[in-house]
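One structure is given below, encoded as structure tokens.
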2 protein chains.
Amino acid sequence: MTTLSRKRSQKAPYHHGDLRTAILQTAGKLLEEQGVATLSLREVARSAGVSHAAPYRHFADRDALLAALAGEGFARLSEALEAAGARGPRARGEAYVCFALEHRQRFRLMFGGLLRLDAHPGLRAAAARTYDGLVRAFAPLAGPQGAPFAAAAAWSLVHGLAQLLLDGHFPGSKRGERETAAFVRDVLAVVRFARAAQPSD
Amino acid sequence: MTTLSRKRSQKAPYHHGDLRTAILQTAGKLLEEQGVATLSLREVARSAGVSHAAPYRHFADRDALLAALAGEGFARLSEALEAAGARGPRARGEAYVCFALEHRQRFRLMFGGLLRLDAHPGLRAAAARTYDGLVRAFAPLAGPQGAPFAAAAAWSLVHGLAQLLLDGHFPGSKRGERETAAFVRDVLAVVRFARAAQPSD
DNA sequence: ACCTGAACACCGTTCAAGT
DNA sequence: ACCTGAACACCGTTCAAGT
């Protein structure tokens, strides 16, 4: 049943052309539906229509698949932040929270601590790009020596807000998208970043 | 066969007096050593010296044990925050980050999203006490109507900072306690909370 | 009341064997 | 090169049976 040479074989032969991509897609869908904890390699394989050993041709083990999914997540997050960042720092912050709320399980996988960044090449780099983007964005606002701290504070703020919203820790956070967006705006609006750090005691 | 009537039996009969507590302690130790992902009920039982089915007398399932561990965590976090809060809001924030760094896996369990707060009675209440303490602490600083937003912002800030530090997302965060504490101070020092929210566009 | 041992269905991982 | 099926050690959970 593939395009050029072969016509209507009964069963697809080995795979549908790119099993690695197919597995990542299937796993991504299952991840978002049910979370990391119950995401099994065997179910992914079943769902992709291959034997339970087939994924091992493309991923060293379950952790490697999870790391690939997290890597995709960091890349998409960076893209979303860069796109929104053009409309200013506040839009960037809101985009961060949006990403978390729209890809809940992916976000949890990225920051849940199941994956050690050091153990997976490329994953740390993908994560670092997110931070770099923030530092660049804050350089004009906080001055050269203040930028890393301001960027760290800003990232912490939106990251914590996203995480606590996901967990439902704020009273009344079960409301709709509209109300959540307003809550996010109001929380972010209350914060100011000082141009320079003060002596800390 | 209990304390009064029995002297030196060969083997302890059923358990060492309070299996529930023993399991919680063993599980807490194993959790901190190896993380949630690989914490198995069977290993806890083995490590506590009972059969693998014994824990089910005290916990409905693995999730219930994890929820109990998380509940302990929220209670201890609240205590630590109240104690430090007497020395001012900044000390409270630093105590939050300290707790996360000193109980890394417990903290991840509390906020990793493996447990749905609604599914475990008492867990949400324990978590809510943390937020309540923050709102009370921010009432004098941010005014009555600003307090919830300021408290949410403050919690988000220290929570995100803790989480990102745990994951090693800040360059150079592999240094010692001293340097980490200084970094935390500098990041927190850069943030100001406005008395009232401004129009958001 | 509290714990044990066997049993079941599932999983991650490996490996010889197939095409 | 890429995939399969059997196999192994492990796990969560249940349940009849022991004390």
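Here the structure is a predicted model, which is why all the values come from computation and not from measurement. When reading the values below, keep in mind they use all heavy atoms of this one structure, side chains included, and skip hydrogens, waters and symmetry mates. All chains are named by letter (A, B, ...) in the order of the sequence lines, taking the proteins before the strands, and each is independently numbered beginning at 1.
- Interatomic distance, A:Asp167 CG to A:Arg104 CZ, rounded to the nearest 0.5 Å: 8.5 Å.
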query = Base, backbone or nothing for each nucleotide of nucleotides 8-16 of chain D, written B, S, -, heavy atoms under 4.0 angstrom, 5' to 3'?
reply = ---BBBBB-

Per-nucleotide pairing state of DNA chain D [Watson-Crick or G-U, under 3.5 Å; [ ] pseudoknot-crossing; | other strand] = ||.|||||...|||||.||

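- Taking the six-membered ring where the residue is Trp, A:His159 and A:Phe107 present tilted rings, their angle falling between 30° and 60°.
- Atoms CG and CG, from B:Leu31 and B:Leu66 in turn, are 8.0 Å apart once rounded to the nearest 0.5 Å.
- Distance alone, capped at 3.5 Å, places no donor-acceptor pair between the B:Glu82 side chain and the B:Glu79 backbone.
- No side-chain heavy atom of B:Arg192 sits under 4.5 Å from any side-chain heavy atom of A:Phe193.
- Ionic pairing of A:Arg76 and A:Glu72 is present here: one or more N-O contacts between side-chain nitrogen and carboxylate oxygen are shorter than 4.0 angstrom.
- Under the ring-ring contact (aromatic ring centres under 6.0 Å, His included) test applied with A:Tyr131, the options A:Tyr96, A:Phe74, A:Trp155 reduce to a single match, A:Trp155.
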